[in-house]
Novice: 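Handing you this structure, nothing more for now.
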Amino acid sequence: MAPGEPVVVRVGSRELPVTNLEKVYWPEDGITKGELIGYYTRIAPVLLPYLKDRPLVLTRYPEGIHGPWFYAKNAPEGRPGWLRTYTYVHPAAGPTEYLLADEPAALTYIANLGAIEIHPWTGRIQAPERPDFAIVDLDPAEGATWEDTREVALLVRQVLDAVGTQGFPKWSGATGIHIYCPCAPDHTYQDTAAFCLAIGRLLARVHPRRVTLERQVRKRRGKVYVDYLQNRLGQTITAVYGVRPRPGAPVSVPVTWEEIARGTVPFVTLRTIWDRLAQVGDLFAPVLELRQDLRRATRQLEGV
DNA sequence: GAACCGA
DNA sequence: TCGGTTCAACGCTTC
DNA sequence: GAAGCG
Ligand SMILES: [Mn+2]
Ligand SMILES: [Mn+2]
């Protein structure tokens, strides 16, 4: 194929052009844009349920992981007519027309844009201001290790257990862990943020050397930051089964609490995910089913 | 990566 | 026909 | 009020 020459592919009932399939996006690993497109197209049956009806924010790396990148919120002009979008009017910033993904070809299209990361909203278009889950976002600060992060995740789990709430952890694909706590449909971002803040406050009080809520980066040294502010409209956490623009082409995957406890969280990549899925299946399935009362749990946490 | 705009 | 430009943006916190 | 933060 001549470089830059578009190739028309058929995905399901759609036909769309893809470009620069041989372009190397991960030079350390020899992973090409074509492999990225193949990944997102093939993972669609597993990934799409987690994206359905959720406005998407993309991070695009048209020259690979070491090149310049940018966020993309608005759907590109000139896209295929069958792609669905959703316009949300932000109070301050005005309207944004977001991409939606409801079929495999939509993911093929998105990957062809050079989008490595996909960040879905936690709310759906039917009720954009009602998140379906709280996400406890654990960000290890400089000087904090993976062991520290694991340890704090297990502390979060203890707290969740104490208030009868289930959380489902995933490896971020980089250094952190995201713990998804599904909630009932009447919850607001206020509710989910308050829930994560209550967990963070409790842990920072009991384990001040390990856990911090400090917003200033340089004051977090050696600790794990509980980033409760991710639980707001428009904030972005990389999708489950989404690829990261880092060496190895890691994928953010669900993990078990046991793997976190034993220190056996696997480094899963766009190439190794298929074995992982064959072994453990989709560990995140309950995230879309469970409806928990996080307001009650928050009151319980604040009462401690 | 691709559309848009002005030269 | 080309090259340059654009591609997000908000509420909360601390100073 | 401005800057830092994700
Ligand atoms: Mn994080
Ligand atoms: Mn974060």
Side-chain angles (χ1 to χ4, degrees), chain A residues 3-7 9 16-25 32-34 36-37 40 55-81 83 85-99 107-123 128-129 131 134-142 172 174-178 188-190 192-194 196-197 200-201 204 212-221 223-239 244-245:
Chain A
E5 201 68 11
V7 175
V9 294
L16 69 160
V18 292
T19 56
N20 300 309
L21 300 181
E22 304 301 323
K23 190 169 193 172
V24 176
Y25 269 21
T32 62
K33 186 191 178 197
L36 177 72
I37 295 171
Y40 273 120
L56 304 180
V57 176
L58 311 178
T59 58
R60 295 175 56 186
Y61 292 75
E63 298 178 59
I65 66 169
H66 300 299
W69 65 277
F70 54 92
Y71 282 98
K73 290 190 173 180
N74 281 100
E77 300 300 324
R79 63 188 176 272
L83 272 172
T85 65
Y86 168 75
T87 299
Y88 182 85
V89 181
H90 293 268
T96 301
E97 187 181 13
Y98 291 90
L99 275 176
L107 288 175
T108 312
Y109 173 81
I110 285 168
N112 185 61
L113 294 172
I116 294 178
E117 293 181 323
I118 301 174
H119 304 263
W121 283 17
T122 54
E129 283 153 45
I135 302 176
V136 184
D137 176 21
L138 301 181
D139 293 336
E142 184 157 356
S172 74
T175 60
I177 292 176
H178 304 146
T188 64
Y189 283 101
Q190 174 82 283
T192 54
C196 294
L197 176 60
R201 281 208 176 120
T212 182
L213 283 167
E214 177 56 60
R215 292 191 33 106
Q216 203 143 337
V217 168
R218 12 183 275 266
K219 297 184 183 169
R220 296 180 193 161
R221 284 203 120 271
K223 301 178 188 176
V224 175
Y225 175 56
V226 179
D227 186 5
Y228 76 97
L229 291 170
Q230 284 299 337
N231 294 273
R232 289 184 315 181
L233 187 142
Q235 284 305 309
T236 57
I237 287 210
T238 197
R244 306 304 307 274

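Each chain gets a letter, A, B and so on, in the order the sequences are listed, and its residues count up from 1.
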Novice: Out of curiosity, A/Leu58 CG to A/Leu99 CG, how far, rounded to the nearest 0.5 Å?
Specialist: 6.0 Å

Novice: My understanding is that only residues two or more places apart in sequence, or in another chain, count here; which of them pass ring-ring contact (aromatic ring centres under 6.0 Å, His included) with A/Tyr71?
Specialist: A/Trp69

Novice: At 4.0 Å (heavy atoms only), tell me whether A/Tyr61 reaches a base, stays on the sugar-phosphate, or touches nothing.
Specialist: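 It contacts nothing in the nucleic acid.
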
Novice: On a whole-Å scale, what distance lies between the C1' atoms belonging to C/dA9 and B/dA3?
Specialist: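 About 22 Å, rounded to a whole number of Å.
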
Novice: State which of C/dT14, C/dC7, C/dT13 makes the closest approach to the side chain of A/Lys219.
Specialist: C/dT14

Novice: Among residues 89-97 of chain A, which residues get a heavy atom nearer than 4.0 Å to DNA chain C?
Specialist: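 Residues of residues 89-97 of chain A under 4.0 Å from DNA chain C: A/Ala93, A/Thr96.
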
Novice: When rounded to the nearest Å, what value does the distance between C1' atoms of C/dG11 and B/dA2 take?
Specialist: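 Comparing C1' positions in C/dG11 and B/dA2 gives a spacing of 33 Å.
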
Novice: With rounding to the closest Å, how many angstrom separate the C1' atoms on C/dA8 and D/dC5?
Specialist: 15 Å

Novice: Give me, pair by pair, the N or O atoms of the protein and of nucleotides 2-4 of chain B that are less than 3.5 Å apart, along with how far apart they are.
Specialist:
residue : atom : partner  : partner atom : Å
B/dA2   : OP1  : A/Asn112 : ND2          : 2.9
B/dA2   : OP2  : A/Thr19  : OG1          : 3.2

Novice: A/Leu58 has an atom CG; how far is it from atom C1' of C/dA8, in whole Å?
Specialist: 12 Å

Novice: Quick one: side chains of residues 114-123 of chain A, donor-acceptor pairs under 3.5 Å with protein atoms, not counting sequence neighbours, listed by atom name and distance.
Specialist:
residue  : atom : partner  : partner atom : Å
A/Glu117 : OE1  : A/Thr59  : OG1          : 2.9
A/Glu117 : OE1  : A/His119 : NE2          : 3.3
A/Glu117 : OE2  : A/Arg244 : NE           : 2.6
A/Glu117 : OE2  : A/Arg244 : NH2          : 2.9
A/His119 : ND1  : A/Thr238 : N            : 3.4
A/Thr122 : OG1  : A/Tyr189 : OH           : 3.3

Novice: So what does A/Tyr88 touch, heavy atoms closer than 4.0 Å: a base, only the sugar-phosphate, or nothing?
Specialist: nothing

Novice: Take nucleotides 1-6 of chain D nucleotide by nucleotide from the 5' end and write B, S or -, depending on whether a protein heavy atom sits under 4.0 Å from the base, only from the sugar-phosphate, or from neither.
Specialist: ---BBB

Novice: Return all side-chain donor-acceptor pairs below 3.5 angstrom for residues 86-94 of chain A, not counting sequence neighbours, or 'none' if the list is empty.
Specialist:
residue : atom : partner  : partner atom : Å
A/Tyr88 : OH   : A/Glu129 : OE2          : 2.7
A/His90 : NE2  : A/Tyr98  : OH           : 2.7

Novice: Around atom CD of A/Glu97, are there more than 12 heavy atoms of other residues, nucleotides or ligands at under 6.0 Å?
Specialist: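 Atom CD in A/Glu97 is crowded, with more than 12 foreign heavy atoms closer than 6.0 Å.
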
